[in-house]
Amino acid sequence: MAEKKVRVRFAPSPTGQLHVGNARTALFNWLFARQRGGVNVLRIEDTDVERSEARYETQLLEDLKWLGLDWDEGPDVGGPYAPYRQSDRMQIYQTVAERLVEEKKAYYCFCTPEELERDREQALKEGRQPIYSGKCRDLDSADAAERRAAGEPAAIRLEIPEHPIKFYDVVRGEVEFPSESVSDPIIMRSNGVPVYNYVVVIDDAEMKITHVIRGDDHLSNTPKQVALYEALGLPVPKFAHLSTILGPDRERLSKRHGATSIANFRDMGILPEALMNYLALLGWAPSGGTRETFTPQELIKEFSLKRVTPSSAIFDMEKLYWLNRHYLKKSPPARVAQLALPYFQRAGLLPKQPNEQISLWFGKLLTLLVPYVDKLEQLPEKAAQILRYPAPSASENLLSEFAKADAVLSALMEQIYNDSFVTTDRFKAIMAEIEAKTGAKGKDLFHPVRIVLIGSPSGPAFDQLIPLLEEGSRLPLPEHVKSVRERVSEFMDWRKRQG
RNA sequence: GUCCCCGUCGUCUAGCCCGGCCUAGGACAUCGCCCUUUCACGGCGGUAACACGGGUUCAAAUCCCGUCGGGGACGCCA
């Protein structure tokens, strides 16, 4: 019971939209913290002043919240280790760096970038690891002070110890790097700005982070960071490096693969619970490995860092769509309606302030359409197929393969001529009548009728479609929905005009 | 180049740590059938994988070595 509370952190840079890879990292941190009753920290890594922007930070928080994540400490909620924005912590980094120099764990380096570049090329040519030679390591501290006083720019480097650097990674096990493969890293630039690899460690240490869960692109940086913890005399946290998410071409997932940011998915009409579920399944599977759908609560219960897979994963849009369809079908109709409404308004299919009748009708329309789509975004297009009257010429082309189409349509026109409102029962009777009169059956009977009504041989069942059209035709919609009779007559008139 | 990580169906993965229960399980996609006077939804079924080569062992997807392939790092970027 005395076990220490776990503390994890998600530390994004506000330099753009929240990417799925980062979102998955945020999710795993969150799941781990929530399951263990620990603390989830949000820290903003904005040391790169040029690329960081306040609006991205706001958006970042919104995207995380939309996904269903929350945090216990962060720039917006505060906490015992505030501030949570690196740009507000500069003084700390400076102080600690100077202390490290005093303790001889770090040193001033006067090498110029050109000099370093030459050394690197030389090393590469000789087939050596291109790491820093360490030539400033043994500079006399009095000399160094003098040169600095004279205005010579100096960076601060951490001295990497001689022994191999080991650390524990929860997803990969024990990892060891030979000391010779690790360069003495710069922790303070000569202009006084601290370096990322250094500030993360200071912050993680100060914030008492127990588990560092992050992308595996940081794996090779980890030995430098471990050396820093050791120099600082602070406990090294456990690490968990998550594999990279790849695009279909096995390249690191990026904008050119299409939708990759959380905002993209939200705009398409992917449900947050579907995305969360999908992201959780990328690199993690429950024990047994046979279950696919999880609510956030179930994920919290089942999640385990130890079960995270080390190999990289290709992002599969189709499976995300499958999950989205699953959750779309499970969602209460009122919620789907609320989420779908803006898409219809933008397409000019629904008014800004739909009245109650329209909302009711819209609900029916959605239950009809939802089984046909992967994401909300596709709804207006699907609906347009039904709500807007299709071009008669297109229908005409489809009609040719049905032998008795002409007879069926004339009979239909005859029957429907006097009906201003067609009920489902009336429609059934009409179809029976046409069947009796023309002898057309099955597809020969039903398809021509469907084509004339909605411009396609496939679509919703008639007993749902007919009332939808008829009711819609009486509503004050931005675009008039044509009734059954209007549709049939319009088509027949068009035919007449064609001769 | 050097160092580190990774390698099970097309894809996500279970199994690997503690070898036999694996004629390798589930899911997405795909194909077929059923439901449906259409399509979609739904139901049922099929195709499909242990990267390769050596060991160790009575027995290897599982342990060891090597090869190959992919990724990352080696920055006064994050």
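Only the C1' atoms considered, A73(B) is 41 Å distant from A59(B), to the nearest whole Å.
If you look at Y196(A) and H218(A), their ring centroids are closer than 6.0 Å.
Spacing between atom CD1 of I165(A) and atom C1' of C5(B) amounts to 17 Å, rounded to whole angstrom units. If you take CD of E114(A) and P of G75(B), they are 16 Å apart, rounded to a whole angstrom. Rounding to whole angstrom units, CG of residue L279(A) and P of C12(B) are separated by 15 Å. Atom pair H218(A):NE2 and C4(B):C1' shows a separation of 15 Å (rounding to whole Å applied). With rounding to whole Å, I314(A) atom CD1 is found 14 Å from U8(B) atom C1'.
In this structure, E159(A) pairs ionically with R137(A), as a charged nitrogen and a carboxylate oxygen lie closer than 4.0 Å.
Closest to the P130(A) side chain, of the nucleotides C4(B), G71(B), G1(B), is G1(B). Checking C39(B), U2(B), U11(B) against the side-chain heavy atoms of D316(A) singles out U11(B) as nearest. Between C41(B), U38(B), C76(B), one nucleotide has an atom nearer to the side chain of K443(A) than all others, and that is U38(B).
OP1 or OP2 of U11(B) lies within a sub-4.0 Å distance of a side-chain N or O belonging to R250(A).
Contact annotation: side chain of Y321(A) to base of C28(B), donor-acceptor pair absent below 3.5 Å. For S220(A) against C74(B), no side-chain N or O and base N or O form a donor-acceptor pair under 3.5 Å.
Of the possible donor and acceptor atoms, none in the side chain of D216(A) sits under 3.5 Å from a partner among the backbone N and O of H241(A).
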